[in-house]
Amino acid sequence: GDQGQGNQADGANALNNPTFLASASDSFLEKSIAYGRPNTPMSAWSEHQNGPLTNHQIRDIVAWLRSWQTSRSIRLEDPPRGNQTAGQMIYARKCAGCHGKAGQGNKAPSLNNPWFLHSASDGFLAHAIKKARPGTKMPTFEDKLSPPQISDLVALLRSWEKPVEEAPQARFEPSLE
């Protein structure tokens, strides 16, 4: 949407969500813009991916997105390594109804997208599970799941990660934070 509110028609996330902006690093945002989300309506925009934007323009867009941020960025710590099998059982009960049996998306965004998993840190994933995204249908799980259970979910999501092809011409270099 024109004010970052997302779009339910194609499942686009709300970019102006305060919890999202506080937890998303500039590198995550830059990579998301540069490489998009293959097999979704979010296309790659980097000129290195045959899109129209230079690295500088992508950084300008991230700065503009930051203008919507209403709270300070948080420092995310990766959770302890979890158990993928235990995570699968939790996921089947708590997440699959909206995110799809294998994370492909259903009523909620896909979680198994290679570029999403390549760009998101384990801390980002754990924070999203704990705090959700206010204003969306996703509930917070901070009081419903223990820290080890959240680590187990992150381990499951990580198991879906596949190698990504960086670029047909040259690799996009995110800014240093």
Side-chain angles (χ1 to χ4, degrees), residues 1-8 11-37 40 42 45-46 55-84 86-87 90-91 94-95 98-99 103 105 108-161 164 172-177:
D2 61 350
Q3 295 299 308
Q5 70 272 23
N7 184 342
Q8 289 194 341
N13 295 328
L15 299 177
N16 67 2
N17 184 291
T19 304
F20 169 73
L21 285 171
S23 64
S25 69
D26 285 357
S27 176
F28 174 85
L29 295 171
E30 289 168 1
K31 285 181 182 179
S32 297
I33 295 165
Y35 296 112
R37 298 285 186 259
T40 74
M42 176 58 185
W45 288 86
S46 170
N55 292 352
H56 183 75
Q57 289 170 318
I58 289 171
R59 288 184 185 98
D60 287 347
I61 291 171
V62 170
W64 180 65
L65 294 176
R66 290 285 178 216
S67 73
W68 294 331
Q69 190 169 341
T70 58
S71 58
R72 293 174 49 111
S73 292
I74 57 174
R75 186 163 189 73
L76 300 173
E77 293 192 24
D78 288 344
R81 187 175 196 103
N83 179 297
Q84 172 186 337
I90 298 164
Y91 184 88
K94 304 278 188 188
C95 313
C98 293
H99 290 286
S110 67
L111 301 175
N112 67 0
N113 185 281
W115 273 107
F116 168 69
L117 291 170
H118 177 75
S119 302
S121 70
D122 288 357
F124 179 86
L125 297 172
H127 187 278
I129 294 166
K130 288 182 214 174
K131 302 290 186 182
R133 299 286 184 246
T136 71
K137 293 181 182 183
M138 183 172 166
T140 61
F141 286 99
E142 188 168 39
D143 296 331
K144 296 175 180 81
L145 297 175
S146 68
Q149 289 175 311
I150 291 170
S151 292
D152 294 342
L153 279 173
V154 171
L156 173 67
L157 297 179
R158 247 335 131 212
S159 76
W160 294 337
E161 188 171 11
V164 294
F172 175 81
E173 293 297 330
S175 64
L176 299 175
E177 295 183 69

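Here, residue 1 is the first one in the sequence, and each next residue gets the next number. Below, all heavy atoms of this structure are taken into account, side chains as well, without hydrogens, waters or symmetry copies.
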Closest heavy-atom pair and its distance - Ala132, Pro139: CB-O, 3.3 Å
Heavy atoms only: give me the nearest Met42-Ile33 pair and the separation to one decimal. CE-CA, 3.9 Å
What's the spacing between Leu29 CG and Trp64 CH2 if we round to 0.5 Å? 12.5 Å
Please find the pair of heavy atoms, one from Leu76 and one from Ser23, that lie closest to each other, and give the distance. CD1-O, 3.2 Å
Shortest non-hydrogen contact from Leu156 toward Gly87: CD2-O, 3.7 Å
Working to the nearest 0.5 Å, report the span between NE2 of His56 and CD1 of Ile61. 11.0 Å
Counting only heavy atoms not in Glu161, do more than 12 sit closer than 6.0 Å to its CD atom? yes
Working to the nearest 0.5 Å, report the span between CG of Leu65 and CD of Glu30. 10.5 Å
After noting the C-alpha distance and the side-chain angles of Phe28 and Phe20, does the key distance pass the side chain to side chain contact (heavy atoms under 4.5 Å, CB included) rule? CA-CA 11 Å; Phe28 174 85; Phe20 169 73; 3.7 Å; yes
Are Asp26 and Arg59 packed together at the side-chain level, in the sense that at least one heavy-atom pair is separated by less than 4.5 angstrom? no
Closer than 3.5 angstrom, by distance alone: can the side chain of Asp152 be matched with the main-chain N or O of Gly82 as a donor-acceptor pair? no
Does Phe116 offer a backbone N or O that forms a donor-acceptor pair with the side chain of Ser119 under 3.5 Å? no
Value rounded to 0.5 Å, distance of CG in Leu125 from CG in Asp78: 9.0 Å
Passing option when His99 is tested against Leu111, Asn112, Leu157 for side-chain contact (heavy atoms from CB on, under 4.5 Å): Leu111
So which atom in Ile150 and which in Phe141 form the shortest heavy-atom distance, rounded to 0.1 Å? CD1-O, 4.4 Å
Are any side-chain N or O atoms of Thr136 and backbone N or O atoms of Met138, one a donor and one an acceptor, separated by less than 3.5 Å? yes
Who are the ring-ring contact (aromatic ring centres under 6.0 Å, His included) partners of Tyr91, not counting sequence neighbours? Trp160
Could you label the plane-to-plane angle of the Trp115 and Tyr35 rings as parallel, tilted or perpendicular, counting under 30° as parallel and over 60° as perpendicular? parallel
Can you measure from NZ (Lys31) to OG (Ser46) and round to the nearest 0.5 angstrom? 13.0 Å
Quick check against the 3.5 Å criterion: does Ser151 have a side-chain atom that pairs as donor or acceptor with the backbone of Pro80? yes
Quick one: closest heavy-atom pair of Leu21 and Arg66, and the distance? O-NH1, 2.7 Å
With rounding to the nearest 0.5 angstrom, report the CG to CG distance, Asn55 to Asp60. 11.0 Å
